Every structure is written in C-alpha cells, then in structure tokens.
Amino acid sequence: MTPADDADAPERGAFRRWLGRHPRMLRVWRAGVACVGGCVLALGIVLLPLPGPGWVVIFFGLGILATEFAWAAKALKPLKRFWAWLSARMERRRERRRG
C-alpha cells in the first residue's frame with residue numbers, strides 16, 4: 001500500500017491522476033523515485049561520520065521515498081511528531097518573551 005492509495009490522502013494533481021491510469025508509467029515513476037531517494041539516503045549514510053548535515057540528508061532522502069512508499073512515510077512519523085513538539089515549544093517561548 002502506498003500513500004497514494006490512502007482514502008484520506010489529499011487530492012492528487014493531474015500528473016498523478018495520469019500516472020494512475022498508466023500502470024507501466026507508474027512503475028517507471030516509482031522506480032525513479034526509489035532510485036533518487038535511495039541515492040540521497042545512501043549519501044546521508046556516507047556523510048554521517050563526516051562533519052556536516054548527514055542526518056538532514058537522510059531525512060530528506062526518506063522524505064523523497066515517502067512520496068511513494070508507505071514504509072518511508074511510517075519511518076518519518078516520529079520525526080514529524082518531534083518537529084511539531086519542537087515548533088510548539090519554540091512558539092511558547094516566543095510568547096513568554098513577548099508578554
């Protein structure tokens with residue numbers, strides 16, 4: 001099951017609807033997304049021991065993969081929860097400083 005199959009998924013654009021009507025092209029598209037996302041993910045893993053944005057690149061690669069694969073979207077859920085928590089905390093701090 002992919003995020004595109006979810007009933008509560010947002011309305012897709014014309015390109016995605018066209019892909020849905022052409023199964024062969026959908027497979028090619030998914031293979032391309034898997035290739036690009038996998039390369040970005042691998043680059044992030046290579047960058048981990050080096051000084052730099054290894055984790056950011058890993059999460060970016062997972063984000064690319066999550067556009068087509070449910071397992072990647074599931075792997076990003078804890079990061080999304082953390083990001084929401086961090087954003088709320090920063091907003092509370094800003095409000096305390098203002099008044």
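Sequence positions, counted from 1, serve as the residue numbers for this chain. Treat the numbers as computed from the prediction; the structure is a model and nothing was measured.
We find the CD1-CH2 distance between I45 and W55 to be 8.5 Å, quoted to the nearest 0.5 Å. F59 contributes atom CZ, which lies 7.5 Å from atom CG of L76 (distance to the nearest 0.5 angstrom). Rounding to the nearest 0.5 Å gives a distance of 14.5 Å between CG of L86 and CZ of R81.
By the rule that hydrophobic residues join a cluster once side-chain heavy atoms approach within less than 4.5 Å of another member, F82 and V57 end up as members of separate clusters.
Residues I64 and V40 approach most closely at CD1-CG2, 4.1 Å, considering heavy atoms. Among all heavy-atom pairs drawn from A72 and A66, the shortest one is CB-N, 3.6 Å.
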Extract all donor-acceptor atom pairs below 3.5 Å that involve side chains of residues 18-29 and protein atoms in other chains or at least two apart in sequence.
residue	atom	partner	partner atom	Å
W18	NE1	H22	ND1	3.4
H22	ND1	W18	O	2.8
W29	NE1	E68	OE2	3.2

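R96 is linked by a salt bridge (charged side-chain N to carboxylate O under 4.0 Å, His left out) to nothing, counting only residues two or more places apart in sequence or in another chain. Residues satisfying the side-chain contact (heavy atoms from CB on, under 4.5 Å) criterion with R89, sequence neighbours excluded, are W85, R92, R93. Under the ring-ring contact (aromatic ring centres under 6.0 Å, His included) criterion, W83 pairs with no residue at all, not counting sequence neighbours. Contacts of E95 classified as side chain to side chain donor-acceptor pair (under 3.5 Å), with partners at least two apart in sequence or in another chain: none.
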Practice problem: Determine, stepwise, if the pair L62 / F69 fulfils side chain to side chain contact (heavy atoms under 4.5 Å, CB included). | Solution: CA-CA 9 Å; L62 278 174; F69 302 103; over 6 Å; no
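Between I58 and the choices L43, L41, L47, the side chain to side chain contact (heavy atoms under 4.5 Å, CB included) rule is met once, by L41.
When the shell of 6.0 Å around CZ of R94 is examined, it contains more than 12 heavy atoms from other residues, nucleotides or ligands.
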